[in-house]
Protein chains: 2
Amino acid sequence: MTLDEAWRILQERQFKRTKNRETILEFFSDNDRYLTAMEVRNFMASDNPGISFDTIYRNLSTFSELGILEETELNGERHFRMQCDHGVHHHHFICTACGKTQNIAHCPMESVSVNLQGFEVEGHKFEIYGKCPVCVE
Amino acid sequence: MTLDEAWRILQERQFKRTKNRETILEFFSDNDRYLTAMEVRNFMASDNPGISFDTIYRNLSTFSELGILEETELNGERHFRMQCDHGVHHHHFICTACGKTQNIAHCPMESVSVNLQGFEVEGHKFEIYGKCPVCVE
DNA sequence: ACTAGTAATCGTAATCGTTACTGTTTACAC
DNA sequence: GTGTAAACAGTAACGATTACGATTACTAGT
């Protein structure tokens, strides 16, 4: 997901172009990994110390709903990253040290349907956790 | 995991047999599904209204560490259930309405190693969410 | 450009789930 | 029974998230 694509989506849905949204999107665009709300806040605080939690969480949730960001939960904390691969279904290896991800093309759902007659599947989560080559020492 | 097995593990490790632990374990034994700390608390409050959060979370964490309970995180809340299948590796379908689970024998890790040279894998999570046959309407 | 209307924001407080602290009580070995 | 460490109750603190009233700023329409 590029910045241009993100803004196109926002404009289509009549969301306004504000300085805060620009800053948030640039931050995600420059950091290709999972980030917490607090990391976003700390980054934004450098040129806007009074930034509100309301603003951050509201925008992160909006971006996530629009498919601009993808979201996961690690250790009880929401993490966000720029949507990758233009919405093609995929999973992630996630580095527990730096948040960097590696795409996993294989989706396990193809192999499990046999077990689930009568069940209504709404979603699934497949994530691998560990250290990326940079963080492994 | 039966009550007897749980108590055997606890006695091996010198944990004391207390009324609170009995109540907690019975609750999990009688409810074959994922439960929250709050559900445990509400159940215990019926005969012990002054039950402390400390007691509940400490015991749930202990049981989880000992492999008596298994634990997952759903919507930012820790959920616990009695360990099933005697520790054999497996995954779950989890009903988002009632917390009931269905075992998934297939583990996707067998199919992904090719992507992860140089990565140090520490763990993984594969869960399917939806409605069980009882909760589907 | 000006203004109105509404979306977005700030500042702060409230909420939720969880963890931590301090005496007091209890289980269990001797 | 007695001693001792574990477990507990009661409560406060904590971190992440959500909510709210008042203010500001985008954008469309004139």
Could you work out how much the helix from C:dA1-D:dT30 to C:dC30-D:dG1 bends, comparing the axis of its first five pairs with that of its last five, to 10°? 30°

Inter- and intrachain pairs under salt bridge (Lys or Arg N to Asp or Glu O under 4.0 Å), touching residues 41-52 of chain A, at least two apart: none

In whole Å, I'd like the distance from the CD atom of B:Glu77 to the P atom of D:dT17. 14 Å

Just to verify, what does B:Phe119 make a ring-ring contact (aromatic ring centres under 6.0 Å, His included) with, not counting sequence neighbours? A:Phe93

For DNA chain C, which residues of residues 6-26 of chain A approach it to below 4.0 angstrom with any heavy atom? A:Phe15, A:Lys16, A:Thr18, A:Asn20, A:Arg21

Look at the side-chain N and O atoms of A:Arg41 and state whether any lies under 4.0 Å from the OP1 or OP2 oxygen of D:dG15. no

Distance below 4.0 Å between A:Asn48 side-chain N/O and C:dC10 OP1 or OP2: yes

Donor-acceptor side-chain pairing of B:Arg78 and B:Ser61 below 3.5 angstrom: yes

Tell me if the CD atom of B:Gln14 is crowded by more than 12 foreign heavy atoms within 6.0 Å. no

So, B:Thr101 and B:Arg33: side-chain donor and acceptor under 3.5 Å apart, yes or no? no

Rounding to a whole Å, what distance do you find between B:Asn75:CG and C:dT18:C1'? 16 Å

Do the two ring centres, one from B:His91 and one from B:His124, sit under 6.0 Å apart? yes

Report the distance from atom CG of A:Leu74 to atom P of D:dT17, rounded to the nearest whole Å. 11 Å

Test side chain to side chain contact (heavy atoms under 4.5 Å, CB included) applied to A:Ile68 and A:Phe28, step by step: CA-CA 10 Å; A:Ile68 293 171; A:Phe28 279 102; over 6 Å; no

Just by distance, no angles: are the side chains of A:Glu70 and A:Ser64 close enough, under 3.5 Å, to form a donor-acceptor pair? no

Quick one, which residues of residues 49-64 of chain A touch DNA chain D with a heavy atom under 4.0 Å? A:Phe53, A:Asp54, A:Tyr57

Might you confirm whether atom NZ of A:Lys100 has over 12 heavy atoms from other residues, nucleotides or ligands at distances under 6.0 Å? no

Test ring-ring contact (aromatic ring centres under 6.0 Å, His included) applied to A:His92 - qualifying residues, sequence neighbours left out: A:Tyr34, A:His90

Would you call the rings of B:Phe43 and B:Phe27 parallel, tilted or perpendicular, taking 30° and 60° as the class edges? parallel

Rounded interatomic separation in angstrom, taking CD from B:Glu73 and C1' from C:dT18: 11 Å

